[in-house]
Amino acid sequence: MESKKYFVVSRFNHDGSAGMHTPHSHSQCELYYLMSGGCTMLSGQTNYVLTPGMILIVPSNVPHKTTYNPDTLSERLTVEFSNEYISDIAEEFGEIWMDRFFYNTPIYLPPDSRAHIEQMFDALMEDNMPAVSLSPENSIRPQPDDVFSDCVRKLHFQEIIIELLRRNTHANYVTAEGILISDIAVAEARRYIDANYNDPLTLEGVADIYRLNPSYFSNKFKSVNGIGFKKYLNNVRIIRAEKLLLETDMSITEIAIKCGYETSNYFGDAFRRINNCSPSQFRKMNGNV
């Protein structure tokens, strides 16, 4: 049975007495934007401490609850939406990428970028949205839909999502501990190379494993590690090859294949560029004849 489309925007003020005693879940996803104040959100098994300018997108059917700081008034905006409203983004990037970088990934908006995003949310609320609010000054009167309303609603919402992703893909995807997720992905990619250097690895293939754009992954990898992907991979392979040259009697061809090189000639060229000698010469110079 096809799921029913659902889209509700709301904006609330909460004092410290507000909040949920027990987690709840619903069949829609929820975008939560803390505009002022402070709160802690439990989503699934993880607690997120949210400060002004932070956005969290909770997947459908994931239990979550919010606890507001007792000593301050907090303002938040939420969008509850069914998956149809982000279907184009999900189709473009894939479910694995969405799970890793979209849902339950706190996004921080610096103060100088909040006004623009909030204007986009205001336009979304004003565009015939059946929004609700506990604060009369923030209420939006429901307007009747026409045949174009749902298309416009989807376009505006996806524009907001893309703007958030665009602003944060290069800098501000953070975990609850404040660690950039892109840095985590690069560190994991480096460990993956270390463990699988003998496989036919490519930058595009490794970027796809960690659901990163190849161009962004290439730049980020070099920024984090100080050298590019190809050079890092080659260095790892040559280091392993040097060990095999000195500690085994394997042939040059066997070592080349074991270290991920397609041919001994390609291995020899790569080895010379780093050591200024051939693999055979390296072996002899270091006493393994």
Side-chain angles (χ1 to χ4, degrees), residues 46 92-106 165-166 168-289:
T46 303
E92 177 70 22
F93 293 101
E95 291 183 6
I96 296 176
W97 188 94
M98 297 288 284
D99 288 341
R100 185 176 181 83
F101 295 110
F102 183 72
Y103 296 117
N104 279 337
T105 300
L165 296 177
R166 176 177 285 167
N168 288 278
T169 295
H170 291 191
N172 296 317
Y173 276 127
V174 297
T175 66
E177 293 77 25
I179 303 171
L180 297 181
I181 282 187
S182 57
D183 286 355
I184 294 175
V186 168
E188 290 180 358
R190 188 174 63 244
R191 287 192 289 270
Y192 182 85
I193 293 169
D194 292 343
N196 299 278
Y197 62 90
N198 55 329
D199 291 338
L201 302 180
T202 65
L203 183 146
E204 291 77 12
V206 176
D208 185 63
I209 291 172
Y210 295 98
R211 303 305 171 188
L212 295 174
N213 174 276
S215 178
Y216 170 66
F217 173 64
S218 177
N219 293 332
K220 188 66 175 178
F221 191 95
K222 186 171 184 178
S223 173
V224 171
N225 296 296
I227 59 174
F229 172 89
K230 187 175 181 179
K231 188 172 182 179
Y232 181 87
L233 172 60
N234 196 54
N235 285 352
V236 170
R237 286 173 168 171
I238 295 301
I239 289 171
R240 301 299 191 272
E242 290 173 352
K243 184 177 178 65
L244 293 175
L245 285 167
L246 298 180
E247 297 180 1
T248 74
D249 59 358
M250 294 172 62
S251 70
I252 302 301
T253 299
E254 288 173 329
I255 291 174
I257 294 173
K258 190 169 182 64
C259 291
Y261 294 99
E262 294 181 358
T263 68
S264 58
N265 288 337
Y266 184 30
F267 167 54
D269 292 341
F271 196 93
R272 285 187 188 90
R273 282 195 293 270
I274 291 179
N275 290 298
N276 295 315
C277 65
S278 69
S280 298
Q281 290 170 331
F282 179 88
R283 174 176 266 172
K284 290 179 181 178
M285 288 188 298
N286 289 277
N288 187 8
V289 181

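With a 4.5 Å cut-off on side-chain heavy atoms, R190 and N225 count as touching. A 4.5 Å side-chain heavy-atom check between L244 and K258 finds at least one atom pair inside the cut-off.
Between R191 and D194 no salt bridge is recorded (no basic side-chain N to carboxylate O distance below 4.0 Å).
Here K284 contributes atom NZ and S278 contributes atom OG; the two are 8.0 Å apart, rounded to the nearest 0.5 Å. In this structure, CD in E188 is found 11.0 Å from CD1 in I209, a value given to the nearest 0.5 Å. Taken from CG in N235 to CD1 in I274, the straight-line distance is 4.5 Å, to the nearest 0.5 Å.
Pairing each heavy atom of A207 with each of P214, the nearest pair is CB-CA, 3.9 Å. When all heavy atoms of I193 and L201 are compared, the closest pair comes out as CA-CD1, 4.1 Å.
Aromatic ring pairs are classed by plane angle as parallel below 30°, tilted from 30° to 60° and perpendicular above 60°; the pair F229 and F221 is perpendicular.
By the side-chain hydrogen bond (donor to acceptor under 3.5 Å, both in side chains) test, D208 pairs with R211, sequence neighbours left out. Contacts of S223 classified as side chain to side chain contact (heavy atoms under 4.5 Å, CB included), with partners at least two apart in sequence or in another chain: none.
In this structure, the side chain of R283 engages the main chain of L245 through a donor-acceptor pair within 3.5 Å.
Paired with R237 under the rule side-chain contact (heavy atoms from CB on, under 4.5 Å), one option of Y232, F271, Y197 passes, and it is Y197.
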Please list every donor-acceptor pair under 3.5 Å in which a side-chain atom of residues 250-257 meets a protein atom from a residue at least two apart or in another chain.
unit_1, atom_1, unit_2, atom_2, d
S251, OG, E254, N, 3.1
S251, OG, E254, OE1, 3.4
E254, OE1, S251, N, 2.9

Exercise for review: Before giving the answer on side-chain contact (heavy atoms from CB on, under 4.5 Å), spell out for S218 and L203 the whole-Å C-alpha distance, their side-chain angles and the decisive distance to 0.1 Å.
Suggested key: CA-CA 7 Å; S218 177; L203 183 146; 3.5 Å; yes

Review point. Between R272 and N276, is a side-chain contact (heavy atoms from CB on, under 4.5 Å) present by the stated rule, with each step listed?
Key: CA-CA 5 Å; R272 285 187 188 90; N276 295 315; over 6 Å; no

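Checked by atom type, the side-chain pair Y261/D269 shows no donor-acceptor distance below 3.5 Å. A donor-acceptor contact closer than 3.5 angstrom is absent between the side chains of N286 and E242.
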